[in-house]
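Taking it in order: structure first as structure tokens, then the write-up.
One-based numbering, in listed order, for ligands and for the atoms of each. All figures in this text were calculated on a predicted structure; none of them were measured in a lab.
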Amino acid sequence: MLSYLHGYHAGNHADVIKHLVLLALLQQLRQKEKPFVVIDTHGGNGLYALDSPQARKTREAESGALPLWQHYKKYSAFKSPLLNDYLALITGFNPDASAAKPSIYPGSPAIAQSQLREHDRLTVMELHNSEVDQLRTNFHFDKRITIHHRDGFEGAVALSPPAPPMPRRGLVLIDPSYEIKTDYQRVAKTVKEIHRRWATSMIAVWYPMLGRTRDHSSSLIQTLKSLPDVRVMELVMGPQTEEFGMHGSGMLLINTPWQFGKIIDPAMQEAATCMSASYRVTVK
Ligand SMILES: C[S@@+](CC[C@H](N)C(=O)[O-])C[C@H]1O[C@@H](n2cnc3c(N)ncnc32)[C@H](O)[C@@H]1O
């Protein structure tokens, strides 16, 4: 039984690093005319109300997207073009662009959708019954998007490489909730299998940084480090403790585009400063 609902966490610090990296990778793919494919293995419902009872209970956006929104509204721009694009994207989903707080936060399917051109394709997988219903409601009108009520690990492997006429050009985002302990092993196995079948795919994995007793991120990184062009970036919100709580999170990339750091690092540094956090690149 799946109990995780992303509505409690939307717009938090983990979404900031995940979605900035996602947006930057999509922008790289758009640099060439050739179509691309995006596979989002764990889609959530795609669009989140930040004034919902769930979001109001945890108020996680207050240390994530909210300080970025407030800075953007006050100064009209960041130095990083990527960060400006991210805030412009969030603003586009909000009916009142001048509000003190955003009321809607876009999830990974909405961010991917925003970057699709007519000939690009997005497949989103989601296993939770009510989340997938909401996902369908949010995106059914878009013919470029296919939604599967399906296990994302199995689905991503089955869809790799993309079938003709789509080219073997694209990105797989793997963003589990890690509520099941075996998710770590499944991520590692899935990444290796996607890479074996579709060697040129960019693969982006999000992982949480947890308390000492529960943290599995270093072994995940060790397992995947030998794949080509691996880059690991982390946004750290505070010191690690013994407890379960998440003190930061990271993104691990495979087949990282050339000179990607020149785009993502200044954006993440600036975002981290604004969020009173710290950013580091641990593998490149
Ligand atoms: C962290 S949330 C996804 C958030 C989303 N990627 C975003 O950035 O907006 C993880 C989602 O994975 C779903 N999920 C959990 N196990 C799954 C599985 N094996 N296959 C597909 N979806 C799964 C959960 O229901 C949850 O909605």
Which of the numbered atoms in ligand 1 are under 4.0 angstrom from any heavy atom belonging to His128?
25 (O)
Side chain or backbone, does Glu179 bring an N or O within less than 3.5 Å of an N or O on ligand 1?
no
Structural part of His6 in contact with ligand 1, heavy atom criterion under 4.0 angstrom
side chain
Geometric class of the Phe139/Phe141 ring pair [parallel <30°, tilted 30-60°, perpendicular >60°]
parallel
Just to verify, what does His216 make a side chain to side chain contact (heavy atoms under 4.5 Å, CB included) with, not counting sequence neighbours?
Lys181, Tyr184, Ser219
N/O of Ser177 under 3.5 Å from N/O of ligand 1, yes or no?
no
Which residues pass the side chain to side chain contact (heavy atoms under 4.5 Å, CB included) test with Ser52, not counting sequence neighbours?
Ala49, Gln54, Ala55
Nearest non-hydrogen protein atom, atom 8 (O) of ligand 1
His19 NE2, 2.8 Å
Just to be sure I read this right, does ligand 1 sit under 4.0 Å from the backbone of Ile180, its side chain, both, or neither, counting only heavy atoms?
neither
Hphob cluster co-occupancy, Val283 + Met202, side-chain heavy atoms under 4.5 angstrom
yes
Quick check: Leu127 and ligand 1, any N/O pair under 3.5 Å apart?
yes
Those atoms of ligand 1 less than 4.0 Å from some heavy atom in Gly43
5 (C)
Let me confirm one number: the CG-OG1 distance from Leu227 to Thr256, rounded to the nearest 0.5 Å.
10.5 Å
As an exercise, identify every atom of ligand 1 less than 4.0 angstrom from a heavy atom of Gly44.
3 (C), 27 (O)
Compute the shortest N/O to N/O distance between Asp175 and ligand 1 and return yes if it is under 3.5 Å, no if not.
yes
Closest to atom 26 (C) of ligand 1 by heavy-atom distance, out of Glu126, His42, His148, is Glu126
Tell me if a side-chain donor or acceptor on Asn94 pairs with a main-chain N or O of Ala97 at a distance below 3.5 Å.
no
Asn12 and its side-chain hydrogen bond (donor to acceptor under 3.5 Å, both in side chains) partner, picked from Glu62, Arg59, His6, Glu60
Glu60
Does Leu5 come within less than 4.0 angstrom of ligand 1, counting non-hydrogen atoms of the residue?
no
With side-chain contact (heavy atoms from CB on, under 4.5 Å) as the test, would you mind laying out the steps for Ser249 and Lys18 before giving the verdict?
CA-CA 9 Å; Ser249 72; Lys18 183 202 317 171; over 6 Å; no
Would you mind checking which non-hydrogen protein atom is closest to atom 20 (N) of ligand 1, with the distance to 0.1 Å?
Gly152 N, 2.8 Å
of all protein heavy atoms, closest to atom 19 (N) of ligand 1 is Asp151 OD1, 2.7 Å
Check each heavy atom of His9 against ligand 1 and say whether those closer than 4.0 Å belong to the side chain, the backbone, both or neither.
neither
To the nearest 0.5 Å, tell me how far Phe93 CZ sits from Leu47 CG.
5.5 Å
Shortest protein contact, atom 2 (S) of ligand 1 (heavy atom only):
Tyr4 CE2, 3.5 Å
Under 3.5 Å, is there a donor-acceptor pair between the side chain of Asn255 and the main chain of Ala199?
yes
Does the separation of the ring centres of His9 and Tyr4 fall below 6.0 angstrom?
yes
Close aromatic pair by centroid cut-off 6.0 Å: Tyr105 and His19
yes
Below 4.0 Å from any atom of ligand 1, is there a heavy atom belonging to Arg150?
yes
Is the shortest N/O to N/O distance between Gly107 and ligand 1 below 3.5 Å?
no
Nearest candidate to atom 5 (C) of ligand 1, where distance is taken over non-hydrogen atoms, out of Ser3, Ser108, Pro109:
Ser108
